[in-house]
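Order of listing sets the numbers, starting from 1, for every ligand and every atom in it. Remember, predicted model here, so these are calculated numbers, not experimental data.
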Amino acid sequence: MGVSGSGKTTLGLQLSENLGLEFYDGDHFHSKSNIDKMSAGNPLTDEDRFEWLESINEAAQKLVASKTSGIFACSALKEKYRILLSKNIENEIVFLYLKGTKEVIQARMNARKGHFMPSQLLDSQFKTLEEPQNALEIDLTKSPAEMMQETLEKINLSEFGLVGLGVMGKSLARNLANNGFQISLFNRFVEDKEVSIAEKFIDSHEELKTAKGFEDLEKFCKSLQTPRKIFLMIKAGVETDEFIEKIKPYLQKGDILIDGGNSHFKDTKKRMDYLAENDLHFIGTGVSGGEEGALRGPSIMPSGNAAAYKNIERFLNKIAAIDKNGGSCCTYIGADGSGHFIKMVHNGVEYAEMQLIAEVYALLRYKNGLNPDEISEIFHNWNGGQLKSYLLEITAKILTKKEKGKWLVDLILDQAGNKGTGNWTTVTATELGIPATLITSALFARYVSTVREKYESIPSNTENESKNLNFRIIEKAYALARMVNHQQGFGLIKTASDAYNWSLNLSEIARIWTNGCIIRSTLMEDIQIYFETTADLFEVSEIKQQIIDFKGDLKCFCLSALQAELPIPCMLSANDYINSLNQNINTANIIQAQRDFFGAHTYQRRDAEGGKFFHTIWE
Ligand code: NDP
């Protein structure tokens, strides 16, 4: 592609000969009326071009269907033309853009005879030209032989690079290859450790046979088409900064680093600003789905420079999970580190979702006296209805797993680990003033599990215990607590969106969380729809009604668990949160009075207008 006179036919014919592929001159696909129009010196309109581009695309599609390739010379000046040309063959098509100045081309045009396009139309061609972001650029001032050499080298380069072949990186690499992308893979070499990790990994997977493996960073970068698109799937934190320093010397203007690790959103913004000083792009990307999701389709949450994102969109869209309407579970989230921010909140909500299931399990096991198989059965049944979620599904499976006749869960040490995202969510919620009480409780529950070992077990005293709760009550209590968790989590996202001017689309975020990620659920599908008309789940009439209907069940759950002396921090938190929303019960007034008493912090009055502040001499 390129403006008329850029030498497309010359290069195309040479490539055709060299590669043994058929050459197709785009001009031959024009209708007679288009040719007449151009010959009369009139530029074509978009309508004129539409049919023409479609017929080229049809011819290209036929080649792909018959598993052959071909070379097409076509000006394809606008992005929408290129989209049309790529229809249904987005992953098969490579655009070569013959780039040069108007002056150089003008000189060539003037020297040319017998072409139906008068050279004065070049001006309009340059006006129309929208330079492609995704094409391989060929410098047309070079000689035809040099241009061909450059093309052959560039065509052989990988279109996407991935760094870090740990659990997630390996799965993502296979996912990219399964989707037909030509990739280069890099894993560092550490002295006295395994050598040629990338190459060995490639050799052990059939789908990676066209991938290239490296442990030399310079060679890895040189193996990539520019602008380079490099996905980092490495340890988050200082390791990411160190790696950026190492790779930076091999990058050039316009290259794009995509950080798929669980980085802190504020670090992502800093890295973006730092790399922008060298005209390098940094896209912070949340990825959820674990090892299996990364292989089969994760939920992907990219943010940062929107134009740079356009360059990587097709890769990410293709490897992401698919929602129930066939959409990709990847969407551009917004500016700065908003992608990593929502991934952080996702993980916070995930903490609470996991803890709620653990608390329901506790009640069923220690109060109702069911065994793990029986609890699994109940979870399995719930998973067939409105409570369907990935986490409930896997917990039902976990509970039936046995080793030598014993339930595996009973053999697992009762100490929960964490990698810090729950902590970040809690800190951020406190910074933004959002009561994410379930996330915080779930995080602290994990902390408690690691410190309680040093305390002597306190004997239980369960006199006055009431009877067991029926499963329907437990189910409704659990459903309501989940609504509170989601309301708080999305409330945190909404507040951050306002505070940081991100204009986040809550419904779209919920949509990309309906599949691929760990907190996918039927509730998330409903939430996607609710957020089309509201920014607060508790304003949705269905949810308001369920709060009223299920409130008593949640209270019964808590009472029953408290009587049995079970730790249920998230359920209690949900119950407390709902109680706190009751406008008829006042406690914050006491706090305000105390603050005014000891610190003259003032207070506002119900009986005064205009938000006036008062101070009382209390003694
Ligand atoms: P692993 O520990 O399995 O892999 C870490 C990778 O990072 C390895 O390839 C490792 O190389 C590389 N690495 C570590 N330190 C450096 C360094 N200083 N320079 C270059 N490379 C380095 O982790 P995961 O694959 O599980 O996770 C990778 C990232 O993805 C993390 O940021 C994680 O938080 C995030 N993530 C993880 C998810 C999961 O479910 N596991 C889900 C979503 C995101 P080497 O083998 O040489 O040590």
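- The closest protein non-hydrogen atom to atom 6 (C) of ligand 1 is M233 O, 3.8 Å.
- Protein non-hydrogen atoms do reach within 4.0 Å of atom 19 (N) of ligand 1.
- Here the heavy atom of the protein found nearest to atom 4 (O) of ligand 1 is G166 CA, 3.3 Å.
- Exactly one residue among F315, F181, F186, F220 makes a ring-ring contact (aromatic ring centres under 6.0 Å, His included) with F160. That residue is F315.
- Atom 47 (O) of ligand 1 has its closest protein heavy atom at R188 NE, 2.8 Å.
- Among protein heavy atoms, the minimum distance from atom 3 (O) of ligand 1 is reached at V167 N, 2.9 Å.
- For atom 23 (O) of ligand 1, the nearest protein heavy atom is 4.0 Å or more away.
- Heavy atoms from both the backbone and the side chain of N262 come within less than 4.0 Å of ligand 1.
- For ligand 1, the polar-atom distance check against M168 finds a nitrogen or oxygen pair separated by under 3.5 Å.
- The shortest separation from a heavy atom of G290 to ligand 1 is under 4.0 Å, placing the residue in contact.
- Below 3.5 Å of separation, one finds no N or O of E239 facing any N or O of ligand 1.
- With respect to the salt-bridge test (charged N to carboxylate O, under 4.0 angstrom), the residues E239 and K246 do not qualify.
- Checking only distances, K343 never comes within under 3.5 Å of ligand 1, N or O to N or O.
- In this structure, K170 satisfies the cation-pi test against F201, with its NZ or CZ atom closer than 6.0 Å to the six-membered ring centre and inside 45 degrees of the ring normal.
- With respect to F490, the ring-ring contact (aromatic ring centres under 6.0 Å, His included) criterion is satisfied by exactly one of W513, F538, Y530: W513.
- Proximity of N187 to ligand 1, defined as any heavy-atom pair under 4.0 Å, is confined to the side chain (atoms from C-beta onward).
- For a threshold of 3.5 Å applied to N or O pairs, the pair formed by V190 and ligand 1 contains no separation below that value.
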